[in-house]
Amino acid sequence: MNQELVTIFTEMAELFAMQDVPFKPRAFEKAALAIGELSESVKDIHKKGGIAALEEISGVGRGIAERIEEYIKTGHIKDYEHLKKKMPVNIEELTRIEGVGPKMIHTLYEKLGVRTVKDLEKAAKTGKVAKLPRFGKKSEEKILKSIEFFKQSGGRLGIGEALPLARQIKERLEKVPGVERVEIAGSLRRWQETIGDIDVLAVSSEPEKVMDTFVKMSGVQHVHAHGDTKSSVRLHTPAGGIDADVRVVPKKSFGAALQYFTGNKAHNVALRKIAIEKGYKLNEYGLFKQMANGKWRMAYGKTEEEIYKALGLQYIEPEMRLDEGELALAEKNKLPKLIDYDGLKGDLQVQTNWTDGADSIETMAKTAADLGLEYIAITDHTRSLAMTGGADEKKLLRQMKEIERINHKIQDTRYKIQILSGAEVNIKKDGSLDIDDEVLAKLDVVGAAIHSHFKLSKKEQTERLIRAIENPHVDIIFHPTTRVVTRREPIELDMEAVLKAAARTGTAMEIDAHPWRLDLKDEYIRAAIALGVKLVIDTDAHRAEELRYLEYGIAQARRAGAKKKDILNTLPVGEFIKALK
DNA sequence: GCCGTTTTCGGCCCGACTGTTTTCAGTCG
């Protein structure tokens, strides 16, 4: 229900923009964003408190609340259908064409009857687009090129694909003569789950060299723009490609630019408002104060810290810049001290070549030690996951012996790490486990996880998971919602009931750091912390390189405001074991 | 259409780049 309304209101914003209606576009866009971030269904909100309760949602006023009610009651929104009838175009699709916005869509529909990307491609190929007023040969070519990219990819990259690319750009540009500093900004700096494009900022005495190097980098498929201080390209990736922007900004403005280009948009708009209230003007060049003669003079800009400070705010970590209450906390000096990126001492979900992992127990342990970890738990799959060669009781006992042997063997080497025995026990359809309790009792760490029957009803699924949580041997629930980012929907769960059961029994919930999973996601982490549920962050590594993934999980935890004490595997091994159920 | 220690009316973020312009509109972030 919420997602349907997000789509409708976003589309209405575009439809109003096409017709040059003032202010409504942003109002609808804002409402759509707010609804998208709700953890409760608007239907439930409406059931509890009617229109008044809907109006409590920030960005939703009387008008939009009434439309939500109309949709709940009738399944339609008359206004929307009226607009749609007047402009029957596939906006969602057309706005995804780089360089095509609402005004162009309007002209294209009015003059050429373009409704879809396919129509647009046909019109451009036959030279009709170039003949329109304020269009030309170049815009037509640009549209065709963008359509090619659209057909290839059609969307965002997971952060696990985008971040390595951005880091490559950063490393390359850092080597350009004259460059003093390069930082990744945008949604990547906020560690969002999916990334629409890569933003990079640089300080350099010779901006043109930065621009030239960037647009000629390997992997660049097309140059959208190549200016003096800003360039934009399309990078080729296995998944189809992503846009990347690089800007060179003045050193004295670097903090302001970093702040500005990190976003998110709502956070920045709110911050600008605070600036105006305090008599400042904030843009990507700095925080400006108005002089007696009416002229603006730059007051701050070198660092983000000084800007937030001048605005009477605590420094806000990028992951939390969402305009979801962090500004109010910063104003009252009440932001949590977030867990650090080097704050973890252990990894509790690691697969090896005993099942579907690629590397041996010893290789995984040594790599983890090199990454600075003090302990890992080996948690191979169990028998009902036959495709992975899942372990039965006998195999688990054999593996325990092997772990003991390796622990002993590496004691005298440079690798200071303790290997814990464990398993990723499969939760069966009825919530029972596929390994006997006596064997589970012998393992150091028991993780339980759902790998099948994803389509059960909310009630059945919740009961199933709670039954597993109540097993006295289960220490951790691995990837609790089983979602795969952009690929598989989460299972339906009454998360509040699940988290309460976890709190009651002392069972830890995992934040699976694998960039495909990121499960729990931020809003559930926040809820878990509020309920006093124990949390752990694990990589779910199936090969040695993946042990680096912890940073993705830490980012999710930081977005949810997690402190060091909220995460069990920040503890040294002895205390960690004691803290488990 | 939303919002409010400028609160029920009058505001609503703003600059770089491109292409088609002859001074600027559209898009993007």
Side-chain angles (χ1 to χ4, degrees), chain A residues 9 12-18 20-34 54-68 79 94-108 129-143 145-146 185-190 195-201 207 211 215 223-233 243-249 253 256-257 259-288 296 323:
Chain A
F9 289 147
M12 283 180 83
E14 297 286 350
L15 286 161
F16 284 127
M18 282 163 72
D20 235 349
V21 179
F23 305 114
K24 285 192 194 184
R26 195 168 319 139
F28 276 87
E29 194 186 327
K30 241 179 123 179
L33 274 172
L54 292 172
E55 279 188 71
E56 290 295 303
I57 304 165
S58 94
V60 175
R62 176 51 60 98
I64 288 178
E66 278 173 356
R67 288 178 172 93
I68 297 174
D79 272 3
L94 284 165
T95 47
R96 272 159 64 189
I97 305 298
E98 165 86 20
V100 174
K103 296 291 163 57
M104 275 197 190
I105 296 173
H106 185 74
T107 312
L108 288 163
V129 172
K131 293 197 183 97
L132 294 173
R134 293 205 66 85
F135 284 77
K137 198 92 208 130
K138 281 207 171 172
S139 14
E140 190 170 81
E141 278 165 21
K142 202 176 155 188
I143 285 170
K145 200 122 203 174
S146 297
S187 49
L188 272 170
R189 185 157 175 258
R190 300 198 314 274
I195 304 297
D197 59 19
I198 295 170
D199 284 299
V200 177
L201 296 183
M211 295 290 103
V215 299
V223 179
H224 297 305
H226 182 180
D228 296 335
T229 59
K230 181 198 158 179
S231 292
S232 175
V233 306
D243 286 343
D245 290 356
V246 172
R247 294 163 202 263
V248 177
V249 299
S253 299
Q259 196 291 313
Y260 184 87
F261 290 110
T262 296
N264 72 7
K265 202 171 167 180
H267 175 91
N268 280 1
V269 169
L271 199 64
R272 267 166 192 252
K273 252 189 169 161
I274 293 172
I276 291 164
E277 281 162 17
K278 300 205 184 257
Y280 288 106
K281 182 176 80 170
L282 178 64
N283 60 29
E284 61 261 55
Y285 294 105
L287 187 61
F288 295 83
W296 292 94
D323 192 25

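Every chain is numbered from 1 and lettered A, B, ... according to where its sequence line falls, protein lines coming before strand lines. Everything quoted here is computed from the prediction, not taken from an experiment.
Distances from the side chain of A/K138 to the nucleotides B/dG29, B/dT20, B/dC14 place B/dT20 closest. With B/dG29, B/dG1, B/dT20 as the choices, the nucleotide that has an atom nearest any side-chain atom of A/R67 turns out to be B/dG1. Nearest nucleotide to the A/R134 side chain, out of B/dC17, B/dT20, B/dG29: B/dT20. Here the nucleotide nearest the side chain of A/Y285, chosen from B/dC17, B/dG15, B/dC28, is B/dG15. Distance from the side chain of A/P102 is smallest to B/dT27 among B/dG1, B/dC12, B/dT27. For A/T229, counting side-chain heavy atoms from C-beta on, the closest listed nucleotide (B/dC13, B/dG29, B/dA16) is B/dA16. Comparing B/dT20, B/dA16, B/dG26 against the side chain of A/S139 picks out B/dT20 as the nearest. Listed nucleotides B/dA16, B/dG1, B/dG26 differ in distance to A/K103; the shortest reach to its side chain belongs to B/dG26. Comparing B/dG1, B/dG15, B/dC17 by their closest approach to the side chain of A/E284 singles out B/dG15. Distances from the side chain of A/A27 to the nucleotides B/dC2, B/dG15, B/dG29 place B/dC2 closest.
The ring of A/F23 lies on top of the base of B/dC12, close enough and flat enough: under 5.5 Å between centres, under 30° between planes.
Rounded to whole Å, the P atom of B/dT8 lies 13 Å from the corresponding atom of B/dG4. For the C1' atom pair drawn from B/dC9 and B/dC14, the interatomic distance equals 25 Å after rounding to whole Å. For B/dT18 and B/dC12, the C1' atoms lie 27 Å apart once the distance is rounded to whole Å. Comparing the P positions of B/dT21 and B/dA16 gives an interatomic distance of 24 Å, to the nearest angstrom. B/dT7 and B/dC13 have their C1' atoms separated by 22 Å, given to the nearest Å. Rounded to whole Å, the separation between the P atoms of B/dT22 and B/dG15 comes to 25 Å. Going from the P atom of B/dA25 to that of B/dT20 covers 16 Å, rounded to whole Å.
What separates CG of A/L54 from P of B/dC2 is a distance of 12 Å, to the nearest Å. Computed from coordinates, the A/F16 CZ to B/dC12 P distance equals 21 Å when rounded to whole Å. Atom CG in A/D20 sits roughly 11 Å away from atom C1' in B/dA25 (whole-Å rounding). Distance A/E55 CD to B/dC2 C1': 10 Å, rounded to the nearest Å. At whole-Å resolution of the value, CZ in A/F28 and P in B/dG1 are 6 Å apart. Rounding to whole angstrom units, CG of residue A/D228 and P of B/dC17 are separated by 6 Å.
Judged by distance alone with a 3.5 Å cut-off, a donor-acceptor contact links the side chain of A/Y260 to the base of B/dG29.
Put simply, A/K24 has a side-chain N or O that comes within less than 4.0 Å of OP1 or OP2 on B/dG1. Look at A/S232 and you won't find any side-chain N or O under 4.0 angstrom from OP1 or OP2 of B/dC17.
Residues A/L33 and A/K30 fail the side-chain proximity criterion, which asks for heavy atoms closer than 4.5 Å. Counting heavy atoms from C-beta outward, A/L132 and A/L108 have side chains that approach closer than 4.5 Å. Looking at A/N283 and A/R272, their side chains come closer than 4.5 Å, going by heavy atoms from C-beta outward. Side-chain contact between A/M12 and A/D79: present, with at least one pair of heavy atoms (C-beta onward) separated by less than 4.5 Å. Put simply, the side chain of A/T107 reaches to within 4.5 Å of the side chain of A/F135, judged on heavy atoms.
Nucleic acid contact for A/E277: none, since no nucleic acid atom lies under 4.0 Å from a heavy atom of the residue. No engagement by A/N268 is indicated, since no non-hydrogen atom pair under 4.0 Å with the nucleic acid exists. Using a 4.0 Å heavy-atom cutoff across all strands shown, A/S58 reaches sugar-phosphate atoms only and no base atom. Among the protein residues, A/I105 comes within range of no part of the nucleic acid, since none of its heavy atoms lies under 4.0 Å from any strand. Among the atoms of the strands shown, none is found under 4.0 Å from any heavy atom of A/K281.
For B/dT8, there is no paired base (Watson-Crick or G-U wobble, both distances below 3.5 Å).
Looking at which nucleotide of DNA chain B each of A/N283 and A/E140 is closest to, the 5′-most match is held by A/N283. Both A/L132 and A/V100 lie close to DNA chain B; mapped to their nearest nucleotides by heavy-atom distance, the more 5′-ward contact belongs to A/L132.
For the pair A/Y285 and A/A256, the tightest heavy-atom approach, listed with the atom from each and the gap, is C-CB, 3.7 Å.
Under the 3.5 Å distance criterion, the side-chain polar atoms of A/N268 are matched with a main-chain donor or acceptor of A/Y260.
Ion pair A/R26/A/E29 not flagged as a salt bridge, since none of the NZ, NE, NH1 or NH2 atoms sits closer than 4.0 Å to an Asp/Glu carboxylate oxygen.
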